[in-house]
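Lettering follows sequence order; numbering is per chain, from 1.
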Amino acid sequence: MEPIEIAKGIYNVGAVDWNIRDFHGYSTHNGTTYNAFLIVDEKIVLIDTVKKPFFDQLIENISRIVDPRKIDYVISNHTEMDHSGGLPRVMHRIGEDKPIYCSKIGEKNLAKHFSQKWNYQAVENGGTLSLGRRTLQFLETRMLHWPDSMFTYLVEDKILFSSDGFGQHYAGPEKFDDQVGDAIMIHAKKYFANILLLYSANVLKLMETVNEFGLEFNMICPDHGIIWRKDPKKILDAYVEWSQQKSGQKVLVVYDTMWNSTEQMAEKIAEGVSREGVEVRPMNLRHCHRSDVMTEVMDARAVVIGSPTLNNNVFPTVSDFLTYMKGLKPKNKIGAVFGSYGWSGEAAGVIKSELEGMKFTMIDPGLKIQYVPDQEGNEACIEFGRKIGKAVKT
Amino acid sequence: MDRYVCNICGYVYDPIEGDADNDVVPGTAFDDLPDNWECPVCGASKDDFTKEE
Ligand SMILES: [Fe+2]
Ligand SMILES: [Fe+2]
Ligand SMILES: [Zn+2]
């Protein structure tokens with residue numbers, strides 16, 4: 001990527017990771033970007049770095065604008081290594097004594113990643129740093145995405161550098177929201193569902209702070225994906241909506257299958273839901289990535305989970321998904337379980353207690369069918385689906 | 001004295017230790033924390049804590 005001037009004297013000098021397809025267990029079908037920002041004022045500041053292997057791209061981009069040794073300050077909004085991995089080589093290049101501005105927790109966490117004794121300058125929430133003509137202000141945003149996370153706001157230009165917040169794992173020819181249009185929203189939604197959903201309460205609190213302080217944004221620059229310059233309000237509104245976890249009338253049927261019996265049940269259940277005029281989507285965990293399923297969970301009202309019983313237990317892909325979903329703490333969900341079994345049939349019961357642990361409202365003890373569903377079994381599945389459909393409508 | 005867990009980040013408030021970050025001295029019960037006390041890790045309020053089982 002070449003550096004992109006996003007506003008007068010402000011550049012995205014980050015890197016594009018076109019080929020990453022697995023970002024710590026999150027499927028990145030389009031790759032991602034590690035955005036880093038250079039502001040050239042009386043002082044020159046670098047906001048965030050990139051993942052370690054992309055240092056060369058970063059330094060080349062910076063060099064096209066200024067001699068990297070002229071950088072006066074580094075801001076670390078977030079300790080995670082997709083943003084800090086390039087820090088050791090950056091500091092080596094620009095001068096090990098240059099100040100690194102970060103949150104108080106950021107200082108602690110960076111020191112647990114890197115042994116260098118850098119010149120950390122921990123900032124207060126709301127603290128400022130003058131660049132000469134322009135001013136940076138720091139906003140603590142704990143848990144968005146880690147305890148160390150903060151945002152940096154360029155006061156005069158009303159530009160927010162939001163670290164992981166408002167990001168999307170998306171690498172493409174487009175660099176701004178107006179170039180990509182609504183097609184970016186699914187990537188932003190997937191990012192929220194898989195990274196931030198469990199911190200919904202913090203997101204809502206942040207939005208209150210933004211309103212309280214009357215902060216306005218001409219541009220929101222996340223560290224992943226495109227920059228919001230045409231309509232930053234769109235992503236702010238979407239974050240409020242997603243955080244509120246008010247799901248629509250949608251049912252998700254998530255399952256795996258051994259000899260297609262549980263799959264057949266899933267399809268019949270979906271048919272029953274449809275008959276109630278409710279939107280339904282079956283997703284087979286052997287074909288759909290857990291992070292894509294999670295994106296659908298976010299705005300589903302009911303999540304119906306099916307598993308065959310394998311050796312007296314739940315099928316491994318289903319356990320994987322349950323573990324993943326549990327951590328992301330979806331709220332206000334209706335749950336139901338089903339599955340085919342041979343002789344013992346434990347799976348449905350195990351899943352049911354898992355979902356109860358996640359505070360799902362269970363609407364049925366669960367539907368189990370021995371071996372292959374016959375005509376009567378198919379009808380039971382359709383009835384089961386209708387029951388779920390009705391529950392979603394009320 | 002009971003320990004309390006933050007629902008947001010998993011931090012555990014242990015009354016034996018108190019919370020040095022927020023100037024809470026060791027031996028302070030969770031109930032005696034001020035109403036505006038916040039989780040030292042994620043900034044959650046007291047309402048976001050649950051008694052440890
Ligand atoms: Fe992160
Ligand atoms: Fe990140
Ligand atoms: Zn906490």
Q: Give a yes or no on this: more than 12 heavy atoms of other residues, nucleotides or ligands lie within 6.0 Å of atom CE of A:Met298.
A: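 Above 12, so yes.
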
(Q) A quick test of your reading: do over 12 heavy atoms of other residues, nucleotides or ligands sit less than 6.0 Å from CG of B:Asp35? (A)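 Not buried by this count: 12 neighbours or fewer within 6.0 Å.
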
Which pair of heavy atoms, one from [X] and one from [Y], lies closest together, and at what distance?
X	Y	result
B:Asp21	A:Lys108	OD2-NZ, 3.9 Å
A:Met143	B:Cys9	CE-CB, 3.8 Å
B:Pro40	A:Ile105	O-CD1, 3.9 Å

**Q.** Interatomic distance, B:Cys42 atom SG to A:Glu140 atom CD [nearest 0.5 angstrom]
**A.**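 Spacing of SG (B:Cys42) from CD (A:Glu140) equals 11.0 Å.
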
Q. About how many Å separate CG of B:Asn7 and CG of A:Leu198, when rounded to the nearest 0.5 Å?
A.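 Output value for this atom pair is 11.5 Å.
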
Q. Taking the side chain from A:Arg142 and the backbone from B:Ala44, do they hold a donor-acceptor pair closer than 3.5 Å?
A.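 No: the side chain of A:Arg142 does not pair with the backbone of B:Ala44.
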
Q | Contacting region of A:Lys104 [heavy-atom separation from chain B under 4.5 Å] | A |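 Neither part.
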
